[in-house]
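Some notes on the structure that comes next.
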Amino acid sequence: MVGEPALSLRGGWRGCCHRGVTTSDGVPARGSGVHASIDAVWRLEAARIIAGLARMVNDIGLAEELAQDALVAALEQWPESGVPDNPGAWLMAVGKRRAIDRIRRHQRLETKLAEIGRDLETQAPPEVDVPDDEHIEDDVLRLVFTACHPVLSTQARVALTLRMLGGLTTDEIARAFLVSEATVAQRIVRAKRTLSDAGVPFEVPEGPDRAARLSSVLEVIYLVFNEGYTATAGDDWLRADLCREALRLGRVLAELAPGEPEVHGLVALMEIQASRTRARTGPDGEPVPLLEQDRGRWDRLLIHRGFAALLRAKKIGEPPGPYVLQGAIAACHAQALAPEDTDWAQIASLYGILASVAPSPVVELNRAVAVGIADGPEKGLEIVDALLDEPSLRDYHLLPSVRGDLLARLDRTAEARAEFERAAALTRNAPERKALLHRATTLPH
């Protein structure tokens, strides 16, 4: 797996039930037929539905409950009626009706009720609010900024936004944070309660408030991108819907904050990484490491867009931040028409700068990969071995994966085999586990 950047969702600093077919997060359990379709629809539409409902009720927690009520209705009705032509619109319509019912039941927001009720009852059928990708008043963007309000801790902001934006379960987010599922669940519950109690408005902030929340928003968007780029768990190596949503939000942010180099750096990084999508899986869906990918299948348009975003960041003239540096690393890979043309010395140098700007164990693990190719596996192994006692990497499968690759290159095959087997045991992603076990079994004895 060496060559594909190890900096991922798992490496940061880091419900509603229905007859056994949903998880504790209200997300449909994976299955066949209609339930599988509902799962796919929920993953794709959850963020927009929650965002649209949040704009109506101005309460993220309540909006999620209403969206999950709509999900339960789908689980009850779609197996008999079939999946509607516009499932997102169907879910939004049900969510809006449930919002009216909730408001009536609690006898609140009478003025808002009258306004919403007139609008809904005179339009049949209601349509999903589909935001304009280039419009700043994007509901999903409002959702991200609201979830990243400074009244919440940084960890809570990221956990809540991942839950709302990507429809991720607490288990997936726990893997992202390298913490327990119970910890993440508590963060999400407390975050929604805090936002509600504080009366945080559902809006895109302006001026100093926007600047204060920007770094948190950027991190959240990239975490969502990474969950799509390399799924934490399950049978899919890629979740293209999350990558597309993160990239869309990044582009919108670039229009919102054109003078912020880190926004352009993040967009550059995501554009270039997304350019590899077609080459990252083999015929059977198996992962293809970066150095083995057919670079002719890389999307040159996305690479061009990434270079353009990186140029915009550099023209602003500020010292490079973490996302600009990572975008520059991605550009080094994209410039190499063949793996042997890669400037690994430059990449190792950029990782060294990144380690000084934003130090973390995962950045060091990435640096080990680059140093191991630029200066030899012994040098890379020295960096990796210094990370073996790092608590945050104890269950991080890429640590033994990278170590196994370096050991294999040093012909220490028995040790390498053990590391690949350990990495396979740690990952929750089925294609990745299969690839790691293949590495272990094909090493010479």
Side-chain angles (χ1 to χ4, degrees), residues 3-9 11-14 144 148 154 157-158 208 210-226 229 243 246-247 249-276 290 298 302-336 341-375 380 383:
E4 193 75 33
L7 188 60
S8 71
L9 181 59
W13 36 260
R14 358 289 178 228
V144 176
C148 291
T154 302
R157 296 174 208 172
V158 178
R210 186 178 70 198
R213 278 189 256 173
L214 185 59
S215 62
S216 202
V217 171
L218 292 177
E219 183 162 21
V220 167
I221 291 174
Y222 192 40
L223 287 171
V224 174
F225 179 86
N226 271 324
Y229 194 70
C243 288
L247 190 48
L249 285 172
R251 291 167 179 166
V252 170
L253 266 181
E255 296 297 323
L256 175 65
E260 295 287 345
E262 281 290 84
V263 174
H264 299 300
L266 174 61
V267 172
L269 176 58
M270 293 192 297
E271 298 275 17
I272 295 171
Q273 287 186 321
S275 74
R276 307 172 191 151
L290 179 61
W298 287 4
L302 289 178
I303 290 174
H304 175 76
R305 292 180 65 121
F307 285 174
L310 196 60
L311 182 61
R312 284 193 290 272
K314 291 182 177 179
K315 283 184 175 178
I316 295 172
E318 297 182 8
Y323 291 110
V324 172
L325 289 167
Q326 291 177 76
I329 291 168
C332 286
H333 287 293
Q335 287 172 332
D341 298 331
T342 305
D343 189 346
W344 285 103
Q346 175 69 6
I347 292 173
S349 175
L350 287 169
Y351 270 122
I353 299 171
L354 179 60
S356 65
V357 171
S360 82
V362 176
V363 171
E364 279 298 287
L365 185 60
N366 277 276
R367 190 170 72 87
V369 173
V371 169
I373 298 177
D375 300 329
I383 299 172

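These numbers come from a predicted model, not from an experiment.
Between the side chains of Q273 and Y222, at least one donor N or O sits under 3.5 Å from an acceptor N or O.
In this structure, CD1 in I373 is found 8.0 Å from CD1 in I347, a value given to the nearest 0.5 Å. Note that the OG atom of S356 and the CG atom of L325 stand 8.0 Å from one another [nearest 0.5 Å]. In this structure, the separation between OG on S275 and CD1 on I303 is 4.0 Å, given to the nearest 0.5 Å. Atoms CG and CG, from L218 and L249 in turn, are 11.0 Å apart once rounded to the nearest 0.5 Å. Taken from CD1 in I272 to CD in Q335, the straight-line distance is 8.5 Å, to the nearest 0.5 Å. Atom CG in D375 sits 8.5 Å away from atom CD1 in I383 (nearest 0.5 Å).
For E262, the salt bridge (charged side-chain N to carboxylate O under 4.0 Å, His left out) criterion is met by no residue, not counting sequence neighbours. Contacts of R213 classified as salt bridge (charged side-chain N to carboxylate O under 4.0 Å, His left out), with partners at least two apart in sequence or in another chain: none.
Taking both residues in full, the closest heavy atoms of G265 and A313 are given as N-CB, 4.1 Å, listed atom of the first, atom of the second, then distance. Considering every non-hydrogen atom in both A336 and D341, the closest pair reads CB-C, 3.8 Å. The nearest pair of heavy atoms linking H333 to W298 is O-CZ3, 3.7 Å. For the pair A370 and Y351, the tightest heavy-atom approach, listed with the atom from each and the gap, is CB-CD1, 4.1 Å. Nearest heavy-atom pair, P322 versus A358, reported as atom, atom and distance to 0.1 Å: CG-CB, 3.8 Å. Across C243 and Y229, no two heavy atoms sit closer than the pair SG-N, 3.3 Å.
Within the 4.5 Å cutoff, no side-chain heavy atoms of L253 are placed close to those of V267. Residues M270 and I221 have side chains in contact (heavy-atom distance under 4.5 Å, counting atoms from C-beta outward). Counting only heavy atoms from C-beta outward, the side chains of I316 and H264 approach each other to under 4.5 Å.
The list of side-chain hydrogen bond (donor to acceptor under 3.5 Å, both in side chains) pairs with a residue in residues 304-313, not counting sequence neighbours, reads E271-R305.
Screening V144, V263, L266 for a side-chain contact (heavy atoms from CB on, under 4.5 Å) involving V217 leaves a single residue, V144.
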